[in-house]
Structure formats: C-alpha cells, structure tokens
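Everything below concerns the one structure shown next.
None of the values given here were measured: they were computed from a predicted structure. Counting begins at 1 with the first residue of the sequence.
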Amino acid sequence: ASDDEAIEKPSDESATHQDPDSKSAVAKKRKKPTECFLTQPEDTPESTVKAKKRKKKKISDILEKSPPKPGVPEDLQNLLSQHFGTKRSVIEIEELKLPDSCFLPANDLTHSFSSYLKEVCPKWARFRKNHKEKKSLVMLVICSSALRSLELIKSMTAFRGDCRVLKLFAKHIKIKEQMNMLEKGVFHIGVGTPGRIKALVEQDGLCLNSTKYIILDWNWRDQKLRRMMDIPEV
C-alpha cells in the first residue's frame, strides 16, 4: 500500500504542477482567435470595394461586347409615349403615334452610312435638284455629339455628292451664325445634335416643312456607353 501511495503522490504533484501551465496554454489559445477576429473587419471593406469595382468593369465589358440591334418603329413610339405620358392627355398621345408607313427600314448593320442612305433614299438626286428653299433642309441627321456628327458627315461623302451640308451642333459654332447661313443659302442636309436643332426650330431659324427624311443615329454609344436615347436631356 505504501508503494502505491508513493506512486500516486508524484502523479498528484505533477498534476498540480501542470495546472498553471495548462491554464496559460488555454489562455493563449483563446487569445489567438480574438486577434484574428480583430484583423478581419479591417480587411473586409477593402475587399468589398475591390469586388464592387470589378463588378462595374464587368458590366462595362458586357455592354461593349453586346451586339447592337437594329431599331424598330416600336422603340421610337415607346420613347415618345414615355416622355409625353405625364405631360399630355390621352388624345394628344394618340395623335403622336405614327403609322408604320412613316418609317423606312433600319440599317441592318451590314451597310455603311452612304450605302444605307442610297438604299432608303433612291430619289435623292431629284429631291436635291428641286430643293431651292432657304431656312429648310431635305434630310436631317440627328446624333448625340458634335464629334459623332463630323464622323457621319465624312462617312456620307459617296451619297451626298455636291449637295451642301450644314453642321447643326453647338461646339465652336454660334446659333446666330447657323441662322444666318440658313437665311442666306440653300442647304440640303443638316447633321447635328438634338439640343441645337431644337433651339433652331424654336427660334424660327430652321423650318421643317420641306424635310423628307429624318435619320436617327440610334445604336452609336459614347464613352459612357450611352446611346442618344439613353441621355436624359435628349
């Protein structure tokens, strides 16, 4: 029995000696997860910001890669009804609806600008010769920016021939200069932005009675990937 007690005592002593060490070890183990927990909130905001930035880039990439679709008459009709829905009565909105016969076929995205105009305007040579009215245009091309207007003017050289083209945008050109040009000379085609064209019409600088064609640059996107119809001011 004495031998058994002698054997058991050191085991008790070892147990008593291990208690403080085991407590410190447990305390250390408990501190580690708290330190990891404190570092996590500092990293999460940066990770979320990076994730958001990546999502925005992905959306822009998708918009850039998304193929453009040819415009249809319903697109313009829906745009007019949405814009004037709260400003006009039901009868006035119905009067704004245009029959399908008013619309020419849209560019199927296989034509250049000149070849498309030749297809939809086969009688252009006759219209050009018969047009002699001042302050008016036979064709009106509407696009979203001045730079885009210049691009379209260059790309339609094969179609326009020797007819006169007038720039109808606000960049580096005052509205009084454009009004004077329309009063003194005869122009066949006008290419410009909606804001300047609207101002010319409201100030009686441009008359649309002799206008036969209105071309909308529907699919082109700017640096922000917006079409002309996506801009709130338009």
Using a 4.5 Å cut-off on heavy atoms from C-beta on, say whether the side chain of Phe84 contacts that of Glu92.
no
Given side chains that start at C-beta, do those of His131 and Ser136 come closer than 4.5 Å, heavy atoms only?
yes
Go through Lys224 and Asp230 one step at a time and tell me if the side chain to side chain contact (heavy atoms under 4.5 Å, CB included) criterion holds.
CA-CA 10 Å; Lys224 297 181 180 179; Asp230 298 330; over 6 Å; no
What closest approach, in Å, do [X] and [Y] show between heavy atoms, and which atom pair accounts for it?
X      : Y      : answer
Leu79  : Met229 : CD2-SD, 3.2 Å
Gly185 : Lys134 : O-CG, 3.7 Å
Cys143 : Met228 : C-SD, 3.5 Å
Leu168 : Gln178 : CA-NE2, 3.7 Å
Ala170 : Arg196 : CB-NH2, 3.2 Å
Arg221 : Arg227 : CG-CG, 4.0 Å

When you measure from the side chain of [X] to the backbone N and O of [Y], does any donor-acceptor pair fall under 3.5 Å?
X      : Y      : answer
Gln203 : Lys176 : no
Thr193 : Ser145 : no
Gln77  : Lys97  : no
Ser115 : His111 : no
Ser114 : Ser155 : yes

Qualifying residues under side-chain hydrogen bond (donor to acceptor under 3.5 Å, both in side chains), relative to Asp217, sequence neighbours excluded
Arg148
With a 4.5 Å cut-off on side-chain heavy-atom distances among I, L, V, M, F, W and Y, is there a chain of contacts connecting [X] to [Y]?
X      : Y      : value
Leu216 : Leu80  : yes
Leu182 : Val186 : no
Val234 : Ile142 : yes
Leu96  : Phe103 : yes
Leu166 : Ile214 : yes

Counting only heavy atoms not in Glu74, do more than 12 fall under 6.0 Å of its CD?
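No.
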Between CG of Asn107 and CH2 of Trp218, what distance do you get to the nearest 0.5 Å?
14.5 Å
Distance from Lys135 atom NZ to Glu183 atom CD, nearest 0.5 Å?
5.5 Å
Through direct or indirect side-chain contacts below 4.5 angstrom among Ile, Leu, Val, Met, Phe, Trp and Tyr, which residues connect to Phe159?
Leu104, Phe113, Tyr116, Leu117, Val120, Trp124, Phe127, Val138, Met139, Val141, Leu152, Ile153, Met156, Val165, Ile189, Val191, Tyr213, Ile215
Under the salt bridge (Lys or Arg N to Asp or Glu O under 4.0 Å) test, residues paired with Asp75 that sit two or more places apart:
none
